[in-house]
Amino acid sequence: DVCSSDLYLSQGFAQLNEGWRQLRCQDEERVVTVTLLPSFASRWLLPRLPSFSRCCPDVELRLSMNDQLQDLQTSAIDLAIRFGPGHYPGLQVTHLMDDELFPVASPALLAVQGTPQSPADLERFVLLKDNSLESFNWSSWLRLAGAASFQPRHNLTISDSAQVVNMALAGQGIALARRSLVASELQQGTLVQLFDLVLPCPFAYYLLQSPHRASRPAVQCFVRWLQQAIAEDQTCGAAAACGPGVDDSAS
């Protein structure tokens, strides 16, 4: 009868709605949203995403690239990767890696203008820098190198650290770069570290998590992959620093 038909239809629609709801929940459980600096995203994370896809094929990653720390307690963001002092109240904080700075240049630029033999020799080059604090910028590195009175021919300041590296790759000047942003280019030979002298950076990379999201399996999968990728990078960097004679299998 009509009443029975209506009841069956209602039950059928209810089952469909519940099915869609469960599918949506399953989809949401697969998603991990990460906020991070544009420079770290473009120069470190994005090139390594094929490795993440192989490690966590069922996880959908969503990246929010910006310079501002998002509120992980009230937003839908699962994780933040930040470059700072490490004090982030109310969040679960994990140290990822330290960093250091040194001058880098492209082989093409050095072929045209010659390789600087001393820090004072940098005076004839365009010096590229970002808008970081002076405590980890050219003035601090030059002071560490004993060239505090140094007067460069030309400075070029770019707010985005990734673009500073891109300018150096294009042969537009010598950049004071963070190792985390140029490690691959140094290994490939597209950039050259000019001096052994490095400036330790007072900031480090940290992973920030809201405690109520940290237990999600998809989030844990990304965190495990991230820590493993950083560990592998540091192992490769240490092996490369040893110079010739290092067993290739170690890297």
Side-chain angles (χ1 to χ4, degrees), residues 36-48 65 67 81-85 96-147 150 152-206 229-230 232-234 236-241 243:
L36 70 170
L37 294 172
S39 58
F40 188 76
S42 62
R43 301 224 59 86
W44 193 94
L45 183 60
L46 292 181
R48 290 166 175 80
M65 305 177 196
D67 296 322
I81 300 173
R82 288 301 168 201
F83 185 64
L96 292 176
M97 61 178 164
D98 296 316
D99 218 339
E100 58 189 10
L101 300 103
F102 44 80
V104 297
S106 72
L109 175 67
L110 300 180
V112 172
Q113 293 191 234
T115 300
Q117 301 302 308
S118 70
D121 201 18
L122 293 172
E123 185 176 7
R124 57 191 176 86
F125 291 88
V126 174
L127 299 188
L128 308 169
K129 64 176 183 175
D130 60 22
N131 57 358
S132 298
L133 300 173
E134 288 304 316
S135 58
F136 52 105
N137 224 319
W138 269 114
S139 58
S140 292
W141 186 89
L142 290 166
R143 186 163 51 250
L144 185 66
F150 178 92
R153 175 180 297 178
H154 185 60
N155 279 319
L156 177 60
T157 302
I158 306 172
S159 61
D160 185 352
S161 302
Q163 294 305 316
V164 172
V165 176
N166 288 339
M167 291 288 286
L169 285 166
Q172 298 300 307
I174 294 177
L176 188 70
R178 300 203 299 267
R179 185 176 296 278
S180 61
L181 304 184
V182 296
S184 296
E185 286 71 20
L186 292 175
Q187 290 180 359
Q188 296 164 5
T190 53
L191 285 177
V192 177
Q193 180 176 341
L194 294 180
F195 303 98
D196 292 334
L197 184 66
V198 300
L199 177 68
C201 189
F203 287 177
Y205 287 97
Y206 294 93
I230 290 173
E232 289 175 357
D233 272 10
Q234 292 174 340
C236 290

- Do side-chain atoms of Trp44 reach the backbone of Ala183 as a donor and acceptor pair under 3.5 angstrom? no
- Is Gln117 reaching over with its side chain to a backbone N or O of Thr115, donor-acceptor style, under 3.5 angstrom? yes
- Task: Sorted by first residue and then second, give each salt bridge (Lys or Arg N to Asp or Glu O under 4.0 Å) pair with at least one member in residues 105-122; sequence neighbours left out.
- Result: Asp121-Arg124
- Task: For this output row, return yes or no: ring centroids of Tyr205 and Phe40 closer than 6.0 angstrom.
- Result: yes
Say you draw a straight line from [atom1] of [X] to [atom2] of [Y]; how long is it, rounded to the nearest 0.5 Å?
| X | Y | atom1 | atom2 | answer |
| --- | --- | --- | --- | --- |
| Leu156 | Met167 | CG | CE | 5.0 Å |
| Gln193 | Leu186 | CD | CG | 6.5 Å |
| Phe102 | Leu144 | CZ | CG | 13.5 Å |
| Ile174 | Leu191 | CD1 | CG | 11.0 Å |
| Ser139 | Leu127 | OG | CG | 11.5 Å |
| Leu133 | Phe203 | CG | CZ | 5.5 Å |

I want to check something: taking the side chain as every heavy atom from C-beta on, are [X] and [Y] in contact at a cut-off of under 4.5 Å?
| X | Y | value |
| --- | --- | --- |
| Leu37 | Ile81 | no |
| Leu197 | Trp141 | yes |
| Leu122 | Leu194 | yes |
| Ser39 | Asp160 | yes |
| Leu45 | Met65 | no |
| Lys129 | Leu176 | no |
| Arg48 | Asp233 | yes |
| Ser180 | Asp98 | no |

Determine the minimum heavy-atom distance between [X] and [Y], stating which atoms define it.
| X | Y | value |
| --- | --- | --- |
| Trp138 | Ala175 | CZ2-C, 3.9 Å |
| Ala105 | Leu110 | CB-CD2, 3.9 Å |
| Pro119 | Phe195 | N-CZ, 3.7 Å |
| Asn131 | Ser159 | OD1-O, 3.4 Å |
| Pro85 | Tyr206 | O-OH, 3.7 Å |
| Phe125 | Gly114 | CZ-O, 3.3 Å |

- Applying side chain to side chain contact (heavy atoms under 4.5 Å, CB included), run through Gln172 and Asn166 and close with a yes or a no. CA-CA 9 Å; Gln172 298 300 307; Asn166 288 339; over 6 Å; no
- In chain order, what residues pass the side chain to side chain donor-acceptor pair (under 3.5 Å) check against Ser132, with sequence neighbours excluded? Asp130
- Message: Going by side-chain contact (heavy atoms from CB on, under 4.5 Å), Leu181 matches just one of Glu185, Arg178, Arg179. Which one?
- Response: Arg178
